[in-house]
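Written out below as structure tokens is the structure these notes cover.
Proteins get letters first, then strands, A, B, ... in listed order; numbering begins at 1 in each.
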Number of protein chains: 2
Amino acid sequence: MTALHARISGELADRIRSGEWPPGQRIPFEHELTAQYGCARATASKAVQALADAGLVERRRRAGTFVASPRIQTAVLEIPELKTEVRRRGQVYDYQQLARRVRPVNPLDPDEASLARSGDVVELRCRHFANERPLAVEDRLIHLGVAPAAATADFTTVPPGAWLLAHVAWSEAEHRIAAAAADADVAAALEVPTGTACLVLKRWTWREGKGVTFVRQRFAGEAFELVARFAPRSFDQGGHEGRPTPGMRSK
Amino acid sequence: MTALHARISGELADRIRSGEWPPGQRIPFEHELTAQYGCARATASKAVQALADAGLVERRRRAGTFVASPRIQTAVLEIPELKTEVRRRGQVYDYQQLARRVRPVNPLDPDEASLARSGDVVELRCRHFANERPLAVEDRLIHLGVAPAAATADFTTVPPGAWLLAHVAWSEAEHRIAAAAADADVAAALEVPTGTACLVLKRWTWREGKGVTFVRQRFAGEAFELVARFAPRSFDQGGHEGRPTPGMRSK
DNA sequence: AAGTGGTCTAGACCACAAA
DNA sequence: TTGTGGTCTAGACCACTTG
């Protein structure tokens with residue numbers, strides 16, 4: 001049994017996505033929906049508000065609710081935890097710590113300065129493997145002022161990402177994605193020729209506005225892709241065949 | 001005046017993000033919130049449901065509502081329309097069509113096959129400029145079965161992305177991001193050496209499950225980054241200084 | 001079996017923007 | 001000024017899950 005407000009949302013969304021109601025078109029008022037569906041206004045309101053939350057419509061007092069213009073440029077990016085993602089693909093995950101040290105923050109490095117301007121960090125370099133082949137090289141900083149337990153944590157067996165997920169509560173993050181040629185060190189770690197094009201994923205994580213960790217992961221060549229899907233939230237019931245699953249995927 | 005349900009949501013979210021309520025912690029029942037805030041249950045329900053929609057909590061019948069475990073791996077990716085983004089950065093945008101032809105779909109190309117398995121497409125290659133320097137090379141296919149007007153549209157002055165936004169209603173999209181070395185053609189178009197690491201952004205757009213367009217944009221080197229922000233939806237009121245704005249940015 | 005969240009109703013008042 | 005969306009109330013019934 002599907003809830004009435006969901007049915008109303010779905011039927012309105014269908015009309016919008018089919019083009020029957022083009023962008024700018026006014027959709028029925030709430031009181032019209034209560035008449036059409038024989039429901040209370042709160043139910044109609046919930047249905048329309050869901051469309052507004054999804055970005056499909058815009059609501060204006062006194063004027064009504066209107067079909068919004070498409071904004072394809074926002075998408076949900078699924079940034080997988082490597083261990084989970086590798087196993088989801090049915091491959092063997094492995095992990096190796098290459099280096100570890102504690103040092104003060106270097107405020108001259110712009111990536112580091114975005115994390116914090118002072119204090120000590122644990123600096124790690126490690127590798128992630130899929131089926132015993134190098135998948136990514138990871139450089140990570142963990143701010144000891146925010147996560148002091150990282151000073152004594154053992155990252156030779158536990159990847160820092162997994163450790164942090166278990167030891168740090170809800171947070172915000174920012175990701176930046178770019179391409180860069182592999183330098184000699186990175187190329188050696190990834191076992192590819194120097195100069196190979198790499199996908200570079202950088203992530204900063206904050207907790208209550210204070211930088212917790214910065215991580216830079218490099219993936220060799222076109223071997224891996226980040227996938228982002230856009231679909232109006234909560235209205236993706238109609239799966240389309242022939243399209244791969246979101247996530248990071250190997251070629 | 002902030003709505004009561006928003007105040008409740010905010011206060012609950014603060015306790016979660018501060019770590020006062022760690023993942024797995026049960027938060028107050030709805031009936032407890034109605035007592036604490038002196039409101040109706042619908043109001044408390046709306047507040048908690050907003051947290052659930054944002055992914056901060058998980059609700060289980062008969063058990064209660066619990067703080068969710070952080071899932072940093074999902075983020076909202078802002079994929080800018082190039083014309084808009086270049087101008088937002090205060091630069092001069094320019095556009096050039098390099099090639100155009102109409103041909104049948106090639107079902108042997110996996111990128112094309114994800115768009116459609118038959119029918120005719122308009123194939124375009126064009127360049128985007130920022131301050132008269134090449135920013136991106138774009139290869140695009142538009143399926144004439146879904147967008148027949150594209151057969152007669154003039155893409156020598158109007159970028160196909162902008163044209164499609166104006167001529168195609170709400171749609172779904174999937175993005176894939178990878179790195180690749182520039183081949184001779186791409187390198188020439190971007191005015192960089194052959195082999196330069198490029199960020200490759202591919203996007204498929206569907207309308208009612210039918211492929212509308214496929215586009216592949218290549219950006220040279222580390223000159224451009226895609227930015228994705230993660231923050232629980234609707235609870236990002238506390239902006240943090242020192243962090244750049246989302247979007248695509250030049251170095 | 002009990003109690004939670006999920007849903008819905010039939011009202012109400014208000015702010016605000018459009019006419 | 002008018003009518004829309006935004007919000008809220010005080011009930012109610014139900015499904016589901018867990019103890």
Backbone of [Y] reached by a side-chain donor or acceptor of [X] within 3.5 Å:
X      : Y      : value
B/R216 : B/E138 : no
A/W204 : A/D111 : yes
A/S45  : A/R41  : no

Look at [X] and [N] and indicate whether a side-chain polar atom (N or O) is within less than 4.0 Å of OP1 or OP2.
X     : N     : answer
A/T43 : C/dT7 : no
B/H31 : C/dT4 : yes
B/S45 : C/dG5 : no
B/Q49 : C/dG5 : no
A/T65 : D/dG5 : yes
A/K46 : C/dC8 : no

Nearest whole angstrom, please: distance from the [atom2] of [N] to the [atom1] of [X].
X     : N      : atom1 : atom2 : result
A/R26 : C/dA18 : CZ    : C1'   : 13 Å
B/Y37 : D/dT7  : OH    : P     : 17 Å
B/L33 : C/dT4  : CG    : P     : 12 Å
A/D53 : D/dG6  : CG    : P     : 10 Å

- Query: Does any donor-acceptor pair link the side chain of B/R60 with the base of C/dT4 at a separation under 3.5 Å?
  - Reply: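 Side chain to base: no pair below 3.5 Å.
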
- If you look at every strand shown and take non-hydrogen atoms under 4.0 Å, does A/A63 touch a base, only sugar-phosphate, or nothing?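 Contact class for A/A63: sugar-phosphate only.
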
- Message: What's B/R59 touching, base or sugar-phosphate or nothing? Going by heavy atoms closer than 4.0 Å.
- Response: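 B/R59: backbone/sugar contact only, no base atoms under 4.0 Å.
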
Nearest to the side chain of [X] - [options]?
X     : options               : value
B/R62 : D/dG5, C/dC8, D/dG19  : D/dG19
B/A40 : D/dA10, D/dG5, D/dT18 : D/dA10
A/R61 : C/dC8, D/dT4, C/dG5   : D/dT4

- Item | Pairwise 5' ranking along DNA chain C for A/A42 and B/E30, keeping only the more 5' one |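 Closest to the 5' end, via its nearest nucleotide, is B/E30.
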
- Between A/R41 and A/H5, who's closer to the 5' end of DNA chain C by nearest nucleotide?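 Its nearest nucleotide being more 5', the pick is A/H5.
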
- Would you mind checking if A/E30 and A/R59 are paired as a salt bridge, meaning a charged N to carboxylate O distance below 4.0 Å?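 Looking at A/E30 together with A/R59, the answer is yes, because their closest N to O distance falls below 4.0 Å.
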
- Examine B/R26 relative to B/F29 and say whether NZ or CZ is less than 6.0 Å from the centre of the six-membered ring and inside a 45° cone about the ring axis.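 Yes - B/R26 lies over the ring of B/F29, closer than 6.0 Å to its centre and within 45° of its axis.
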
